[in-house]
Amino acid sequence: MLPRSIYTLLALSLGASAWDQAPALPGKGAPISSADRIYTGDQSSNTITVIQPSTGAVLGTISLGDLRLGSNLNPQYVKAVGSHGLGFSPDGKLVVSLAVTSNTVTVLRTEDNSVVSQSSVDRNAHEAFFQHDNRHVWVGTRGVDRIDIVDGLLGGVVGYVESWGGPSKVVFSPDGKTAYANHIRSPSLSVIDVAQRRVVANITGLADVFSSDMMISPDGQRLWAAHKMVGKVSVIDLEARRVVGALDTGAETNHAQFAVVNGTMHGFVTVAATNETKMYAQPRASEMPVYLGAIAASGVEPHGLWPSADNTRLYVVNEHSDTVDFIDLTASPPKVVKTVNVGQEGQALIYVSGAVSAASNGTQNLGKQGLFNKPALNKLLTEASVPSSKYTSNGSPPPTGLVTVRPESGLDMLQVIGRNLRLNTTYTVSAKIANSLIPLVDFNATSPTGHGCGTAPQVLAFLKFIGVYDIDNLVMTSKGE
Ligand SMILES: *[C@@H]1O[C@H](CO)[C@@H](O)[C@H](O)[C@H]1NC(C)=O
Ligand SMILES: *[C@@H]1O[C@H](CO)[C@@H](O)[C@H](O)[C@H]1NC(C)=O
Ligand SMILES: *[C@@H]1O[C@H](CO)[C@@H](O)[C@H](O)[C@H]1NC(C)=O
Ligand SMILES: *[C@@H]1O[C@H](CO)[C@@H](O)[C@H](O)[C@H]1NC(C)=O
Ligand SMILES: *[C@@H]1O[C@H](CO)[C@@H](O)[C@H](O)[C@H]1NC(C)=O
Ligand SMILES: *[C@@H]1O[C@H](CO)[C@@H](O)[C@H](O)[C@H]1NC(C)=O
């Protein structure tokens with residue numbers, strides 16, 4: 001067998017794309033091997049979990065700083081806060097991690113999990129990817145109207161691309177010549193010439209102004225932009241540079257991904273509110289996908305997902321269970337075949353082929369931060385003492401609160417996702433002990449949705465909960481209106 005570098009040279013001399021990382025076209029990506037790694041960005045434990053896909057072993061975590069509400073409110077704290085997005089270099093030798101709260105871009109060597117560079121960038125560094133030179137990282141900094149370009153090897157911001165509306169994520173075409181950016185304040189996709197570092201076209205008319213995540217297919221012909229706030233996905237034909245249509249995927253639609261199954265391009269979308277990954281077939285980029293069915297998650301709020309390079313597996317991180325599901329795409333229908341415990345509140349997930357060499361198994365510099373080896377506690381509350389007919393009569397579903405509890409440093413984090421809330425109403429989650437209610441947290445509907453209801457996506461409280469209260473005795477009440 002020829003060395004891999006010779007294949008790469010042959011491919012380049014033929015003018016073909018050297019892209020063999022996942023998602024990859026059939027025959028391009030290598031089979032799952034012990035040198036591959038999966039990484040998750042764990043927001044609350046502030047870690048990156050490293051998994052060996054061939055065995056399912058959770059090798060450990062890379063710590064970016066303290067657990068949530070450790071010393072990170074201390075004025076002397078200088079480490080990263082909020083491990084969130086992840087990307088990788090095409091050669092599989094580097095990964096990039098985005099700390100969304102401290103605006104930190106950390107580049108790590110996959111071989112030994114060591115830090116190569118750390119850079120401070122513009123506000124809300126969310127998701128990023130390496131340019132095909134395996135060096136420059138293009139960062140969606142969604143607090144501003146430009147993309148920051150970081151030198152991943154030496155560190156530091158070395159350029160900007162104006163991209164109006166809070167660029168959230170950057171992905172590259174398989175040939176590396178074109179970049180695409182979605183936004184959280186504009187229903188448009190920027191088409192960027194990589195060599196010129198300039199927007200050359202805007203694809204407008206996406207289904208919502210807010211698109212946090214998106215993915216390009218391995219043939220480079222289509223891009224699906226997820227709209228979390230309205231539960232839709234814009235399907236974009238990149239050759240025609242037009243929006244083909246919008247899929248109604250469901251509340252809290254998170255990420256999209258692609259895999260070729262049975263010779264046909266399939267799209268996969270994680271829908272957090274219903275704990276499932278929806279599967280679609282899209283043979284032609286110019287036509288709307290066909291819905292095939294949902295793959296039930298083993299846990300709560302599926303978020304990041306990525307296939308193996310050989311298109312046989314799909315890996316999904318369950319944000320509110322602190323687990324990763326392994327889905328067998330060759331099963332009929334595809335289903336979860338394995339679940340492992342990872343760090344807390346997983347956001348992004350990436351699959352890197354050939355991340356480590358045979359000489360090393362890539363376990364250096366890994367620790368155990370965030371690995372509690374028990375899933376977070378979850379409970380879906382409906383509002384106490386309000387007949388649900390009150391809501392269903394006017395067509396809107398009843399208010400609910402998804403409560404998640406996890407241990408942090410010294411205290412526990414209690415998180416609530418409020419859904420279908422009445423605007424201008426204050427809700428309280430309380431613990432019921434005997435006949436009294438002990439209020440734990442108040443919240444209001446902060447994000448309006450289309451039908452006159454509101455959502456409270458990120459309610460947080462820190463208290464001693466585990467061993468003091470019982471999640472099955474929580475109650476949600478409201479006042480106001
Ligand atoms: C893209 O849209 C931005 C914001 O409206 C505008 O400033 C820019 O000129 C547009 N670029 C192209 C190539 O149309
Ligand atoms: C999602 O998971 C939560 C927690 O287990 C559960 O209460 C809820 O009913 C699930 N949602 C759906 C639509 O199955
Ligand atoms: C792929 O083809 C096999 C054999 O016809 C079938 O059982 C399976 O359901 C197909 N998978 C998908 C995802 O369509
Ligand atoms: C990695 O290498 C160490 C030391 O040789 C060994 O203890 C460990 O089991 C190896 N891990 C894997 C996943 O192969
Ligand atoms: C909520 O309160 C604001 C400010 O008082 C008011 O403008 C708005 O109409 C209220 N909305 C609802 C749904 O009551
Ligand atoms: C909810 O809104 C009311 C009215 O504006 C305000 O007084 C209260 O502080 C808000 N509560 C929270 C938890 O933000």
Quiz prompt | R135 and S89 side chains, donor-acceptor separation under 3.5 Å | solution = no

Practice problem: Determine yes or no for a side-chain-to-main-chain donor-acceptor pair under 3.5 angstrom, with Q221 supplying the side chain and D237 the backbone. | Solution: no

Please tabulate, for side-chain N and O atoms in residues 152-163, each donor-acceptor pair with protein atoms closer than 3.5 Å (sequence neighbours left out).
residue: S163; atom: OG; partner: H183; partner atom: NE2; Å: 2.8
residue: S163; atom: OG; partner: S190; partner atom: OG; Å: 2.8

Exercise. Nearest 0.5 Å please: distance from the OG1 atom of T49 over to the CD1 atom of I38.
Key: 11.0 Å

Quiz prompt | Donor-acceptor contact below 3.5 Å, side chain N254 vs main chain P302 | solution = yes

Quiz item: Do any N or O atoms from the side chain of T110 and from the backbone of G92 form a donor-acceptor pair under 3.5 angstrom?
Solution: yes

Practice problem: Give the intermediate values and the outcome of side-chain hydrogen bond (donor to acceptor under 3.5 Å, both in side chains) for residues T264 and N262. | Solution: CA-CA 6 Å; T264 300; N262 291 344; over 6 Å; no

Quiz item: Does R406 come within less than 4.0 Å of D322, counting only side-chain N to carboxylate O?
Solution: yes

Self-check item: Residues that F172 engages under ring pair (Phe, Tyr, Trp, His ring centres under 6.0 Å), provided they are two or more places apart
Solution: W138

Exercise. Show your reasoning for whether side-chain hydrogen bond (donor to acceptor under 3.5 Å, both in side chains) applies to S357 and E111.
Key: CA-CA 7 Å; S357 67; E111 182 71 5; 2.7 Å; yes

Expected list for residues 77-84: side-chain donor-acceptor pairs under 3.5 angstrom, two or more places apart:
residue: Y77; atom: OH; partner: D66; partner atom: N; Å: 3.1
residue: Y77; atom: OH; partner: A80; partner atom: O; Å: 3.1
residue: K79; atom: NZ; partner: D66; partner atom: OD1; Å: 3.2
residue: S83; atom: OG; partner: D42; partner atom: N; Å: 3.4
residue: S83; atom: OG; partner: T47; partner atom: O; Å: 2.8
residue: H84; atom: ND1; partner: Q43; partner atom: OE1; Å: 2.6
residue: H84; atom: NE2; partner: H126; partner atom: NE2; Å: 3.2

Quiz prompt | Test item: side-chain donor near acceptor, T61 and Q369, under 3.5 Å | solution = no

Exercise. With salt bridge (Lys or Arg N to Asp or Glu O under 4.0 Å) as the test, would you mind laying out the steps for D145 and R185 before giving the verdict?
Key: CA-CA 9 Å; D145 294 330; R185 292 187 301 278; 3.0 Å; yes

Quiz item: Going by atom types only, do Q282 and W224 share a side-chain donor-acceptor pair under 3.5 Å?
Solution: yes

Exercise. State plainly whether the residues D122 and R142 are in salt-bridge range, i.e. N to O under 4.0 Å.
Key: no

Quiz item: Taking only residues two or more places apart in sequence or in another chain, which ones pass ring pair (Phe, Tyr, Trp, His ring centres under 6.0 Å) with H227?
Solution: none

Exercise. Name all residues meeting the side-chain contact (heavy atoms from CB on, under 4.5 Å) criterion together with D193; count only those two or more places apart in sequence or in a different chain, and write none if there are none.
Key: A195, Q196, V200

Quiz item: Could you give the distance from CD1 (I295) to CG (N275), rounded to the nearest 0.5 Å?
Solution: 14.0 Å

Practice problem: Please determine, by modelled atom types, if S44 and Q344 share a side-chain donor-acceptor pair under 3.5 angstrom. | Solution: no

Quiz item: Any sub-3.5 Å donor-acceptor pair from K278's side-chain atoms to T249's backbone N or O?
Solution: yes

Quiz prompt | Main-chain N/O of R313 paired to S308 side chain as donor or acceptor, under 3.5 Å | solution = yes

Quiz item: H320 and T404: side-chain donor and acceptor closer than 3.5 Å?
Solution: yes

Quiz item: Looking only at side chains, do N202 and S188 share a donor and an acceptor under 3.5 Å apart?
Solution: no

Quiz prompt | Atom pair CG (L305) and CG (D325), whose distance is rounded to the nearest 0.5 Å | solution = 11.0 Å

Quiz prompt | Contacts of type ring pair (Phe, Tyr, Trp, His ring centres under 6.0 Å), residue F88, not counting sequence neighbours | solution = F129, W306

